[in-house]
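Indexing begins at 1, ligand by ligand and atom by atom, following the structure's order. Since the structure is predicted, the reported quantities are computational estimates derived from the model, not experimental observations.
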Amino acid sequence: MQDTDPRWSDVDDYIVEHLIGEDPAQDACLAANLAAGLPSIDVSIAQGRMLELLARSIRAQNILEIGTLGGFSAICLARGLAADGQLVTLELEPSYAEVARQNIQNAGQGDKVDILVGAAIGSLETLLGQGGKPFDLVFVDADKENYAAYLDYAIQLSRPGAMLIFDNVVRKGGVIDPDSDDPKVPGTRSLYEALKNHPNVDATAIQTVGSKKWDGFLMAIVREG
Ligand code: DHB
Ligand code: MG
């Protein structure tokens with residue numbers, strides 16, 4: 001089956017040219033990531049804008065991101081925060097976190113963003129223990145093996161009505177293959193299993209093509225009441 005088409009990227013370019021435009025801070029972020037040898041697996045520019053608009057649409061005051069990488073999506077989410085809002089983002093790799101810190105600072109978002117370095121589960125336990133303000137939006141874009149665990153933490157750490165978004169939930173269609181040789185597929189499938197008939201969460205997923213080939217975003221809302 002064909003799982004890529006050069007037009008997908010060309011159309012992403014068209015979308016960016018017409019709807020988003022030049023963005024020196026994002027260009028600088030991607031250049032710095034490349035120079036530092038980070039993997040080029042950030043959300044696309046169009047997806048990043050969508051994250052920003054989703055955050056803005058719910059007037060998010062507190063956002064949690066799991067998986068900072070070089071900070072590209074954190075910059076997008078921080079831009080979507082309400083005035084005096086805060087973003088907490090979790091990153092395993094100290095060297096990635098340092099690149100992200102600089103990128104986020106360069107983009108003028110440093111005051112709004114806290115990066116917690118270390119394994120995400122440990123940071124999530126810390127956040128639970130602190131009992132801080134619940135999150136309005138959680139974006140998960142980290143190790144797929146723990147996606148079902150991240151769902152549990154996201155629910156515990158967020159307010160009723162909160163929005164949860166997971167990246168990479170289609171993986172070139174691999175998600176429907178229980179015998180996939182992509183080691184990340186079982187973790188992604190466990191997220192779907194956890195959400196199947198979930199008592200507290202309504203969800204959907206949308207397949208996407210573009211510069212990130214064939215993949216998808218999953219969106220969920222924690223039920224109120
Ligand atoms: C991978 C991870 C991502 O978050 C992504 O968006 C694309 C690919 C990966 O680990 O292969
Ligand atoms: Mg991703």
With clusters defined by side-chain heavy atoms of hydrophobic residues (ILVMFWY) lying less than 4.5 Å apart, directly or transitively, does [Y] cluster with [X]?
X: V16; Y: L30; result: yes
X: L116; Y: I66; result: yes
X: L137; Y: F217; result: yes

Taking everything shown except [X] itself, do over 12 heavy atoms lie less than 6.0 Å from its [atom1]?
X: R59; atom1: CZ; value: no
X: R223; atom1: CZ; value: yes
X: I20; atom1: CD1; value: yes

Enumerate the pairs of nitrogen or oxygen atoms, one from ligand 1 and one from the protein, separated by less than 3.5 angstrom; state names and distance to 0.1 Å.
| unit_1 | atom_1 | unit_2 | atom_2 | d |
| --- | --- | --- | --- | --- |
| ligand 1 | 4 (O) | D141 | OD1 | 2.7 |
| ligand 1 | 4 (O) | K144 | NZ | 3.0 |
| ligand 1 | 4 (O) | N168 | OD1 | 2.7 |
| ligand 1 | 6 (O) | I41 | O | 3.3 |
| ligand 1 | 6 (O) | D167 | OD2 | 3.1 |
| ligand 1 | 6 (O) | N168 | OD1 | 3.0 |
| ligand 1 | 6 (O) | N168 | ND2 | 2.6 |
| ligand 1 | 6 (O) | K212 | NZ | 2.3 |
| ligand 1 | 10 (O) | K184 | NZ | 2.8 |
| ligand 1 | 11 (O) | R171 | NH2 | 3.4 |
| ligand 1 | 11 (O) | K184 | NZ | 3.4 |

### Task
Just do the side chain to side chain contact (heavy atoms under 4.5 Å, CB included) check on L19 and R49 with the steps written out, would you?
CA-CA 9 Å; L19 305 182; R49 172 57 73 84; 5.8 Å; no

### Protein N, O or S atoms lying under 2.8 Å from the Mg ion (ligand 2), listed by chain and number
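Correct list: D141 OD1, D167 OD2, N168 OD1.
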
### Query
Mind checking what makes side chain to side chain donor-acceptor pair (under 3.5 Å) contact with N146, not counting sequence neighbours?
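Expected list: D143.
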
### Query
Which hydrophobic side chains are connected to Y96, either touching it within the sub-4.5 Å cutoff or through other members that do?
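Once heavy-atom contacts under 4.5 Å are chained together, Y96 belongs with L38, I41, L69, V99.
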
